[in-house]
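These values consider heavy atoms only, across backbone and side chains, with no hydrogens, waters or symmetry-generated copies.
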Amino acid sequence: IVPTYDIDLMWHTHMAFPGEYQKDSLRLAGRVVAHDDSVNDRSEGSRLTTCSEQTRKVWMELYGTPWARPGGMWRGDPPSWYLGDRDITADLLGAVRAIPTANAA
């Protein structure tokens with residue numbers, strides 16, 4: 001299954017809460033659902049292209065509506081200025097450390 005980008009955003013957001021993600025995955029799928037962001041080859045016949053087409057067909061059969069959504073599809077790599085020299089890992093760690101915990105006094 002290949003998610004659209006809006007669904008992928010929600011998927012990543014859910015995975016940011018690993019306890020809830022594990023619990024929900026087990027409840028809904030009977031296992032923790034893996035998420036592989038390493039599949040990026042969009043050339044004809046590639047795994048991503050083939051799986052996207054299969055997802056498109058299954059989605060239409062199940063929901064009777066197109067899988068592709070305006071604004072929800074890949075539009076190319078972001079421009080070089082989008083992330084700049086930012087260290088995203090440091091940004092995320094800083095945000096996580098700033099979250100108050102139940103043990104904080």
Asks: Nearest 0.5 Å please: distance from the CE atom of Met10 over to the OG1 atom of Thr4.
Replies: 10.0 Å

Asks: Taking Thr49 for its side chain and Arg42 for its backbone only, find out whether a donor-acceptor pair lies under 3.5 Å.
Replies: yes

Asks: Okay, side chain of Tyr21, backbone of Val32: is any donor-acceptor separation there less than 3.5 Å?
Replies: no

Asks: Side-chain donor-acceptor pairs under 3.5 Å in residues 54-64, sequence neighbours left out?
Replies:
| residue | atom | partner | partner atom | Å |
| --- | --- | --- | --- | --- |
| Thr55 | OG1 | Val2 | N | 2.9 |
| Thr55 | OG1 | Cys51 | O | 2.9 |
| Arg56 | NE | Glu53 | OE1 | 3.4 |

Asks: Does Thr50 use its side chain to pair, donor to acceptor, with the backbone of Arg47 at less than 3.5 Å?
Replies: no

Asks: Do the side chains of Met15 and Leu9 join up, straight or via other hydrophobic residues, at under 4.5 Å, putting them in one cluster?
Replies: no

Asks: In this structure, would Tyr5 and Val33 fall into the same cluster of hydrophobic residues linked by side-chain contacts under 4.5 Å?
Replies: no

Asks: Which residue pairs pass the salt bridge (Lys or Arg N to Asp or Glu O under 4.0 Å) test with at least one member in residues 25-34, sequence neighbours excluded?
Replies: Asp24-Arg27

